[in-house]
There are 2 protein chains.
Amino acid sequence: MISRERILEAASRVYSKHGFRGATTRLIAQEAGVNEVTLFRTFGSKSALMQAVLVQQQDGAPPTELTDDPVDPECELKVWIQTSLDRLRDMRHLLLHSMGESDERPDAAQFACQGRRTVHDIITRYVRALKKKGLADVNADEEAAAVILVGTVMSDAIARSFVPDVYPPMEQAAERYTNCFLRMLGVKQTTRASVRKTRIHAH
Amino acid sequence: MISRERILEAASRVYSKHGFRGATTRLIAQEAGVNEVTLFRTFGSKSALMQAVLVQQQDGAPPTELTDDPVDPECELKVWIQTSLDRLRDMRHLLLHSMGESDERPDAAQFACQGRRTVHDIITRYVRALKKKGLADVNADEEAAAVILVGTVMSDAIARSFVPDVYPPMEQAAERYTNCFLRMLGVKQTTRASVRKTRIHAH
DNA sequence: CTGGAATGCAAGTATCCACTTGCTTGCTGC
DNA sequence: GCAGCAAGCAAGTGGATACTTGCATTCCAG
């Protein structure tokens with residue numbers, strides 16, 4: 001039964017590269033080092049295989065959580081952003097294709113959406129906790145802020161490879177996004193100076 | 001020569017829906033109300049047709065500019081964001097597919113990138129102008145800010161249709177993004193109260 | 001050592017696709 | 001009214017694709 005996993009992994013790679021239509025069963029079998037017939041015997045059909053790929057991807061990489069009791073927003077957010085950037089960067093091709101094909105394959109659409117909602121809730125909850133503890137401005141728009149943060153992370157993860165020169169260097173991205181975000185929320189930062197130093201130093 | 005435009009338009013629609021591989025010449029011709037042979041006589045090949053589609057789309061909808069001499073950031077940005085949201089929303093399927101297929105079709109990748117750089121420059125230039133006029137905090141990180149704003153707009157335009165409940169209502173989006181963005185830049189706003197009223201009123 | 005399950009291999013089927021050919025039709029400018 | 005050109009139509013070609021079938025091989029458990 002080792003074939004099953006080999007095929008799944010290969011299918012994920014090939015689908016990421018070529019999309020549903022471009023991911024031919026021949027290619028997947030070849031990439032998996034397995035006979036094409038085995039693929040059909042194991043999964044029944046190409047669609048079923050692809051569905052299995054998405055399910056596996058969903059379960060394998062769940063969104064990162066954020067603490068319910070924030071104490072160091074700068075640090076907590078920076079770590080969260082960095083982790084989310086890495087996670088999304090790994091699945092960007094899968095995401096792009098499943099979003100593009102969502103009209104034709106509803107399961108792909110569901111895959112694209114599901115995580116998005118969860119992440120949004122994680123951020124809004126965190127910002128509300130910040131407000132409650134008096135760390136953020138009570139007038140801050142946490143819903144819009146969450147949309148902005150998630151949008152920023154998604155855009156970086158997906159579009160950086162197309163236009164790398166537009167984005168901050170990868171080592172700085174999380175920190176600079178964090179600073180902008182905290183500023184947006186009216187969170188007082190302790191070490192703003194160090195950031196500017198980092199930034200200027202890099203040029 | 002009216003066929004040419006009919007085909008181009010149909011190809012754009014079909015490509016948006018089904019991607020390159022899914023956009024069969026048969027489907028396009030049918031959608032254009034034209035014989036399939038006419039398509040090949042006019043454009044030579046499917047690839048050439050698709051290239052023409054992208055070129056047309058690029059030239060037809062250039063990014064919106066922002067004034068060099070800002071006087072009312074709140075208003076200017078809100079209009080810009082709204083316009084950009086509308087523009088990107090119209091081409092979101094095209095964008096998704098060409099980004100997904102960028103590995104296999106370099107011209108598609110170029111289409112996906114080109115506008116992105118321009119928009120980034122427009123925003124950074126505008127923020128620098130704000131700083132120069134003393135309207136924004138001189139310590140603001142205009143590069144990161146531009147990335148954040150563009151990411152937000154792209155994410156809204158593309159992902160809203162998948163998870164509409166996550167995003168602010170369309171009538172409020174531009175205004176709320178504007179407020180968050182200005183706050184991030186340390187721009188003093190005059191009518192913050194009205195926004196909160198709008199927001200609360202909607203719930 | 002034997003029966004059954006997993007896998008490989010060769011070949012085939014029906015469908016779809018991009019693209020071509022040869023011929024006809026209809027419109028337009030001269 | 002006629003030459004020429006754009007477009008339609010019918011048919012076909014070669015290749016790729018998803019999926020099937022029949023049979024041989026390996027390998028492990030009882």
Side-chain angles (χ1 to χ4, degrees), chain A residues 1-56 93-94 97-98 100-108 111, chain B residues 1-56 93-94 97-98 100-108 111:
Chain A
M1 253 319 180
I2 198 169
S3 303
R4 190 185 177 86
E5 286 152 40
R6 293 245 304 263
I7 294 173
L8 267 178
E9 205 174 289
S12 174
R13 276 199 303 276
V14 175
Y15 175 62
S16 290
K17 219 180 215 167
H18 304 288
F20 184 86
R21 269 182 249 254
T24 68
T25 52
R26 219 160 301 201
L27 241 177
I28 294 170
Q30 191 179 330
E31 182 88 2
V34 147
N35 194 287
E36 195 182 351
V37 185
T38 305
L39 187 154
F40 284 102
R41 276 200 274 245
T42 312
F43 291 94
S45 73
K46 178 178 163 180
S47 312
L49 166 59
M50 290 312 182
Q51 206 157 334
V53 166
L54 293 187
V55 167
Q56 180 201 242
H93 291 114
L94 213 68
H97 278 124
S98 51
E101 292 157 3
S102 59
D103 282 350
E104 305 173 280
R105 312 194 310 120
D107 52 326
F111 165 75
Chain B
M1 257 314 181
I2 198 170
S3 303
R4 189 185 178 86
E5 286 152 40
R6 292 244 307 262
I7 295 173
L8 268 178
E9 206 173 286
S12 174
R13 275 199 304 274
V14 176
Y15 175 62
S16 291
K17 220 180 215 166
H18 300 108
F20 185 85
R21 269 184 249 256
T24 68
T25 53
R26 220 162 298 200
L27 241 177
I28 295 169
Q30 192 180 329
E31 181 87 4
V34 147
N35 194 287
E36 195 182 351
V37 185
T38 306
L39 187 154
F40 285 101
R41 276 199 275 247
T42 313
F43 291 94
S45 75
K46 179 179 163 178
S47 310
L49 166 60
M50 288 312 180
Q51 207 157 334
V53 166
L54 293 188
V55 168
Q56 181 201 241
H93 291 114
L94 213 67
H97 278 124
S98 51
E101 293 157 3
S102 58
D103 282 350
E104 304 173 281
R105 315 193 309 117
D107 51 326
F111 165 75

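All values derive from a computational prediction rather than experimental measurement. Every chain is numbered from 1 and lettered A, B, ... according to where its sequence line falls, protein lines coming before strand lines.
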note = OG (S12(B)) and NZ (K17(B)) are apart, to the nearest 0.5 Å, by 12.0 Å
message = dT7(C), OP1 or OP2 - any side-chain N/O from N35(A) closer than 4.0 Å?
response = no
query = Which heavy atom of L39(A) sits nearest a heavy atom of I28(A), and at what distance?
reply = CD1-CG2, 3.8 Å
Anything under 3.5 Å between a protein N or O and an N or O of nucleotides 18-21 of chain C, put it in a table, one pair a line.
| residue | atom | partner | partner atom | Å |
| --- | --- | --- | --- | --- |
| dA18(C) | OP1 | K46(B) | NZ | 2.8 |
| dA18(C) | OP2 | T25(B) | N | 3.0 |
| dA18(C) | OP2 | T25(B) | OG1 | 2.9 |
| dC19(C) | OP2 | K46(B) | N | 2.7 |

Separation between CZ of F43(A) and CD of Q51(A), rounded to the nearest 0.5 Å = 12.0 Å
remark   = d(L49(A) CG, T42(A) OG1) to nearest 0.5 Å is 9.0 Å
request  = Write down the distance between CG (L39(B)) and P (dA6(D)), rounded to a whole number of angstrom.
outcome  = 16 Å
Partners meeting side chain to side chain contact (heavy atoms under 4.5 Å, CB included) with E104(B) (sequence neighbours left out) = H18(A), R21(B)
query = For R41(A), which residues count as a salt bridge (charged side-chain N to carboxylate O under 4.0 Å, His left out) partner, sequence neighbours excluded?
reply = none
Rounded distance in Å - CD (Q30(A)) to C1' (dC9(C)) = 15 Å
message = Suppose we screen for side chain to side chain contact (heavy atoms under 4.5 Å, CB included). Which residues come up paired with E36(B), at least two apart in sequence or across chains?
response = T25(B), R26(B), A29(B), F40(B)
key: Pairing residues for R6(B) by the salt bridge (charged side-chain N to carboxylate O under 4.0 Å, His left out) criterion, not counting sequence neighbours   = none
query = Between residues 48-56 of chain B and DNA chain C, which residues have a heavy-atom gap below 4.0 Å?
reply = none
Atom-to-atom span, CZ of F43(A) to C1' of dA6(C) - whole angstrom = 14 Å
message = Measure CZ/R4(A) against P/dA5(C) and give the value in whole Å, please.
response = 18 Å
